[in-house]
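Accompanying notes for the structure given below.
Indexing begins at 1, ligand by ligand and atom by atom, following the structure's order.
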Amino acid sequence: MLRMSRPTILVPEKLSQEGLALLSPHFDITVTSLTPEELIAQIPSYHALIIRSETKVTAEVLLAAKNLKVVARAGVGVDNIDVPAATSRGVIVVNSPSGNIAAAAEHTIALLLATARNIGQADGGSKLGKWERSKLVGIEVGRKTLGIIGLGKVGIRVARMAKGLGMKVVAVDPFASPDMAKQEGVALAADLDAMLPVVDFLTIHTPLLATTMDLIGEKELRRMKPSARVLNVARGGVYNEEALLNALEQGWIGGAGLDVFTSEPPKQHSAAARLTSHPKVVATPHLGASTVEAQENVSLDVCNQVLAILQGGLPTSAVNAPIILPEEYGKLQPAVQLVEKMGKLYTQHFVGLRGGMLGGRKFELTYHGDLAGMPNTKPLYAALVKGLVADISDSHINIVNATLVAKEKGLVINETFNNDTKDLLYANLVTLRAYDSSHCSSEQIIEGFTSDQRGYISKLDRFSASFSPEGTLIVLHNYDQPGKIGGVGTVLGSHGVNIRFMQVASLDATMEMQNGKGNEALMILGVDGQMSAEVIDDLRKSEGVLNVSLVVL
Ligand SMILES: NC(=O)C1=CN([C@@H]2O[C@H](COP(=O)(O)OP(=O)(O)OC[C@H]3O[C@@H](n4cnc5c(N)ncnc54)[C@H](O)[C@@H]3O)[C@@H](O)[C@H]2O)C=CC1
Ligand SMILES: O=C(O)C(=O)COP(=O)(O)O
């Protein structure tokens, strides 16, 4: 029996088995360490990539990835992933926002106490047979002041533990809530300048961003007490490493506890390498998240999300996609498929038929009935973009990159919500109107609704219809005269084309009234197999036929 090939997952770093066990029944998983070059060479065949902090997911990796749907970061920081490049390729980036934060906070406290009591040096000396007591007198942390930069998930846990150790805690975080800080007994300092001179210990818990790179350099270190110790369990680069080395050498500060570096492992002779071997530094090799519990948490967190995404569902912590609850997504699914078909129908019927341009067009997507009440219509918007450009682009479009792709293709799409259900025939309805950007009159309309999980088109241009947008369709615009159906049947029969269904869509009642003429109709034919250009040409030549389009949905 032919076995369908299963989606594949690449795991180039150490990941706890707990999460992988969820994935292995459904997918083929490769766990292997790779060089950057090997990653680029191997990524094209994979559907998911699960990483920690060592793998650099660069724009080059993402460009090489042909089937990739998700990059899952089994941890918090996503600074090793080119998130904008992933977004533009439609690759979802997920992380585990809180799986390892307790571990990171505890590690910070471990380094705080280690720097206060010279634990690293004392241990190193003891192992060499030394018994250095008077040289290694430490300080107590109780009643001392800890300064925290970044009072987020890790920062606040560090604050609580430090309070438990009897420390005073001050913090700087432009986005922290003053109420929350007050409740936690943390004093918010006006700014770094005000905080640095008063702290005995300084710890940073911000992400690595352009705005936090080199946040603490020479100027800041010189403002601190000569006895102060600094801690880094965030990212290498938030302290400028050269400045930190100078500060330790020149005695501007007393010591440092460092878990993270600008290059990991530190490159030979780099400032990072000199810091790890410095006597005033307690260094750990990026162990903040390395506890059994944290690794189980992050593995389960991201593997559950990879499972959902590869099975067509949604993640719970996407870094670059809007948050949509799975139940909302489930309700939208039939309409998502319908709107994508409406977009395809638009491009093939209207643009293909008239040789027009898609770019520069303005679209209005109006939701009526149940759909007007949906809190998040991003999947419908994305489905329209996907449908519109499906036949002119090989872009992989989803909720992650739909807005970006629409912008790139010059499509303007407005969503409107119509809650008036008075004259509505269906429980839900979607209207797609397309306008020529030069003169803003309503040009083309497609309308559809869903019923029992299936989509139907109820209006195409000026004609009322009711057909499923599925398979190969011939849309024939003709004069509504007797004998037309027979004539079309004869042409298709002469080419051996099998007709699955046929429907005559008559001029919409309101249009008929406006135009005062009812002698036009659309014939929609569902046909089997591939249609040759000859068939369409012969239909076009038939008497009374105004134009013909071939639509493959
Ligand atoms: N060493 C390790 O193994 C681990 C390191 N981390 C690092 O810790 C970082 C923080 O993690 P979370 O607390 O979960 O993040 P979070 O997003 O909950 O908190 C970050 C806080 O930093 C604040 N912030 C941003 N820019 C700032 C600035 N210029 N000045 C002051 N505050 C600023 C934000 O307002 C936010 O409150 C992660 O981004 C990651 O890089 C996290 C886990 C383990
Ligand atoms: O979660 C984070 O941000 C971390 O820094 C942990 O990194 P790791 O998964 O231990 O390589």
Can you confirm whether the side chains of [X] and [Y] place a donor and an acceptor under 3.5 Å from each other?
{"X": "Glu18", "Y": "Ser16", "result": "yes"}
{"X": "Thr403", "Y": "Lys378", "result": "yes"}
{"X": "Tyr367", "Y": "Glu415", "result": "yes"}
{"X": "His286", "Y": "Glu54", "result": "no"}
{"X": "Thr203", "Y": "Thr108", "result": "no"}

Sub-4.0 Å atoms of ligand 1 with respect to non-hydrogen atoms of [X]:
{"X": "Ile101", "answer": "14 (O)"}
{"X": "Thr212", "answer": "26 (N), 29 (N)"}
{"X": "Val172", "answer": "31 (C), 32 (N)"}
{"X": "Gly288", "answer": "1 (N), 2 (C), 3 (O)"}
{"X": "Ile149", "answer": "30 (N), 31 (C)"}
{"X": "Phe175", "answer": "35 (O)"}
{"X": "His286", "answer": "1 (N), 2 (C), 3 (O)"}

- Message: Counting only heavy atoms and a distance below 4.0 Å, can you name the residues contacting ligand 2?
- Response: Arg52, Ser53, Arg73, Ala74, Gly75, Val76, Gly77, Asn100, Arg235, His286, Ala289
- Task: Determine whether Leu215 and Tyr239 make a side-chain contact, defined as any pair of heavy atoms from C-beta on separated by less than 4.5 Å.
- Result: no
- Is there a side-chain contact between Val260 and Val233 (heavy atoms, below 4.5 Å)? no
Heavy-atom nearest neighbour in the protein, as seen from [atom], with distance rounded to 0.1 Å:
{"atom": "atom 19 (O) of ligand 1", "result": "Gly152 CA, 3.3 Å"}
{"atom": "atom 40 (C) of ligand 1", "result": "Arg235 NH1, 3.8 Å"}
{"atom": "atom 33 (C) of ligand 1", "result": "Thr206 CG2, 3.4 Å"}
{"atom": "atom 20 (C) of ligand 1", "result": "His205 O, 3.4 Å"}
{"atom": "atom 3 (O) of ligand 1", "result": "Ala289 N, 3.1 Å"}

Just distances here: any N/O of [X] and N/O of ligand 1 closer than 3.5 Å?
{"X": "Leu208", "answer": "no"}
{"X": "Val154", "answer": "yes"}
{"X": "Ala104", "answer": "no"}
{"X": "Lys153", "answer": "yes"}

- Just one of Asn246, Thr262, Asp214 clears the side chain to side chain donor-acceptor pair (under 3.5 Å) bar with Asn240, so which one? Asp214
- Take every heavy atom of Pro174, measure it against each atom of ligand 1, and state whether any distance is under 4.0 Å. yes
- Query: Is any NZ, NE, NH1 or NH2 atom of the basic residue among Arg222 and Glu218 found under 4.0 Å from an Asp or Glu carboxylate oxygen of the other?
  - Reply: yes
- Item | Salt-bridge criterion met for Arg235 and Asp79 (N-O under 4.0 Å) | yes
- Query: Rounded to the nearest 0.5 Å, what separation is found between the CE atom of Met161 and the CE atom of Met167?
  - Reply: 12.5 Å
- Query: About how many Å separate CD1 of Ile43 and CD of Glu60, when rounded to the nearest 0.5 Å?
  - Reply: 12.5 Å
Regarding [atom]: of the candidates [options], which has the closest heavy atom?
{"atom": "atom 35 (O) of ligand 1", "options": "Asp173, Val78, Asp79", "value": "Asp173"}
{"atom": "atom 1 (N) of ligand 1", "options": "Val233, Leu192, Leu151, Asn100", "value": "Val233"}
{"atom": "atom 8 (O) of ligand 1", "options": "Pro207, Ser177, Ala234", "value": "Ala234"}
{"atom": "atom 42 (C) of ligand 1", "options": "Thr291, Asn80, Val76", "value": "Val76"}

- Positive for side chain to side chain contact (heavy atoms under 4.5 Å, CB included) with Leu15, one of Ile29, Leu20, Val31, Ile51: Leu20
- Task: Go through Asn401 and Ser88 one step at a time and tell me if the side chain to side chain contact (heavy atoms under 4.5 Å, CB included) criterion holds.
- Result: CA-CA 5 Å; Asn401 63 354; Ser88 71; 5.6 Å; no
- Pair Leu365-Asn414, side chain to side chain contact (heavy atoms under 4.5 Å, CB included): steps then yes or no: CA-CA 6 Å; Leu365 200 53; Asn414 287 320; over 6 Å; no
- At their closest point, which heavy atom of Val93 faces which heavy atom of Ala86, and how far apart are they? CG2-CB, 3.6 Å
